[in-house]
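A short worksheet on the structure shown next.
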Amino acid sequence: MKNTLWNQPELAADHFLYHRKGPWPQPSPTYPMEQAPEILNVPPEETLLWNQAIGSRYFKTLTFYPGGAAANAVAGSQLPIPSDAEFVRMMTNSVFVRSLRNTEGNTWVADFAPMRLIEDDTLPGTYARQVNAIFKRNGDQFSCSHIEVTVPAQMVLTVTPADPAWNLAKAYALQAASYIGLFVGHPALHFPMDSVNAVTKTAVPRNHPLFQLLFPHSTYALAVDNAVLETDDGILSSDPPGTWFDPLTATGLVIKRLFGAGYAGYDGHAGWYPKYNYMKPWMDDSVDYGHCLSLYFQPFLTFCTVVAREILKASPNDPYVERWANYLSAQLHGFPDGKAIFEGDTLARAMAVYLWDVTVAHAADHYSFYNDITSPQPGPAGTRLAAWKFLRLRVPPPTKKTDGADVKLVGDVCHPDDLYRAEMAQEMFFKSVTLWPNLVDTAYAFTSPTLLVAQKDFHDKLREVSRTVASVMPNFMPLEPADPKKYTPEEYSVTISASIQY
Ligand SMILES: [Fe+2]
C-alpha cells in the first residue's frame, strides 16, 4: 500500500498541533510514585479557553450564588438523616456502587478501606473514619444489614438498624462513600487520561486519524486538571478554612493520598483497590450503574475498530501509533507498548477506553453524584441539596452502640458553614455543566469517506444505547435533551459531555 501523508515517519514540525513542542506528562510533583503523571505546562491557548468557558463560571458562582448556597445550607441542616430506604438507594443505585462488591451468596459489601489514609489528619473538630456497609441482595432489591465502624486499636464496632448509633453510622458511611467516590474512583477517570491527551496533541500529526479521533475529546481537560491539582486555594486547598468553598475535612495534601489509592492501588486492601490498569476500566455488569457503562462501551469499540482498521490498512506498522503507544506505556500502568498496540484489537480498544472514559464514564459520575446523592426535593435555591454527602462531620464516630442516640437531623452532625461550603462546591465543581458540542454533537475532522460513515453510525448507535440505558436505569445521565432540536441551556448542561470539562 502506498504511504499516505499522515504516516510518513519524519513529518516536519508544522504537521503537529504544537509544532512538537506541546504538553507532556511529568511525574506528579506531590506524590510522584503514587499518582498518575501530570501535565504541568498547559498550552496558553488551552488555559485561555478554560478561563473563558469554565473559570468565568466559577467567578460568577462565587459572586452570585452565596445567597442561594446559604439558603440551601439552612434547608440542608433541617433535613433528617436519610431513612434506610434513602440510604440504600444512594449506596446501591448511583455512582457509589463503584465501591460495592458481591462477597459471597447474597452478601454485598461497600468497602471504604482507604479512609484510613485520612482519618488521623482531619481538620480540627472534624472527623472521618474507615467504615464498611454490608448489604443483602434479593433480585434487584438491596437492604443494609449493618455498618462496620473501625474504632481505635483496629477493633470493629458492628452497628445494626436497631442500635441508637445507626443514624451516626449511616452518616459516616455516606461520608466515606463520598470521599472514596470523589477522590479514589473519580481521579482515576481524570488524571491518567491527561497523558493520552498531551502525547496525542504533541506527537501525532494533525491529519492522522488517531489525532482526528481523539482531539475533539481532549478540550478543556488539561487546564481543568491542572486547576484541580495545582491551585493552592482551589477545591484541594492547603488551607480549607481560608476559602469560601472548600467543604472538605482535610487539607489538599492529605486528600491527595486518596488519589494514590486509585492509581498505585491501596496496600491496605489491594484486592479491592488494585493498581490502576488503563485497559481494564471498571464497568461491572452485575450492578445497574456498571451495566450502563458497559452498554455504552460497545458503540465506542465499534467506532474505534473502524478507525483502527483504516489506520492499519494504510499503514500496518504505523510509526505514529507505535511511538504513541511507546510513550504512553512508559507513563501509564497497563497501557500497551509499541509492539502490543498492533496485536489483535488492542489499538481499537486503547482508543475506545480513552473516548468512553472522558465522555460517558466521567460525566455520568458527576451527574449521579449531583442528582442521586441528595434528598428527593431540591433546595430553596432551586438546586440539589448537598447535605447528604456529609463532607464534614462534627460528631466523632460511634465507639459503642449507644453513641449518637440524639442524632436525628443533618444539623446534629454538620455545621451550617460546612453545609454552605458544600453547596458552593457542588455548584462550582460537582454538578455537570456540559458545553457545546456534547458527545453526540461532536464532529470529527475526518477526510476519509469510510470514517465519515463510521461517525454517523457511532451517533446512531449511541442513541440506540441511550434508550436501552434509560430502561435499565432511568436516573442515568441522558445522552441528549429530550427534544434535540429545542431545549434550554439547563437541559443541554446535563447531557453527556465530549470531554472532561468539570
Ligand atoms: Fe470530574
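Note that ligands are numbered from 1 as they come in the structure, with each ligand's atoms numbered from 1 the same way.
Between F335 and Y278, the ring planes are tilted. Angles from 30° to 60° get that label. The aromatic rings of F458 and F300 sit perpendicular, their planes meeting at an angle over 60°, well past the 30° parallel limit. Aromatic ring orientation, W356 versus F297: perpendicular (interplanar angle above 60°, classes split at 30° and 60°).
The backbone N or O of L479 sits nowhere less than 3.5 Å from a side-chain atom of S466 that would complete a donor-acceptor pair.
Counting only distances under 2.8 Å, and ignoring water, the protein N, O or S atoms around the Fe ion (ligand 1) are H186 NE2, H190 NE2, H362 NE2, H366 NE2, Y502 O.
Every ring pair (Phe, Tyr, Trp, His ring centres under 6.0 Å) that H333 has, sequence neighbours left out, goes to Y263.
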Verdict with supporting geometry, S195 and Y327, side chain to side chain contact (heavy atoms under 4.5 Å, CB included):
CA-CA 9 Å; S195 292; Y327 295 140; over 6 Å; no
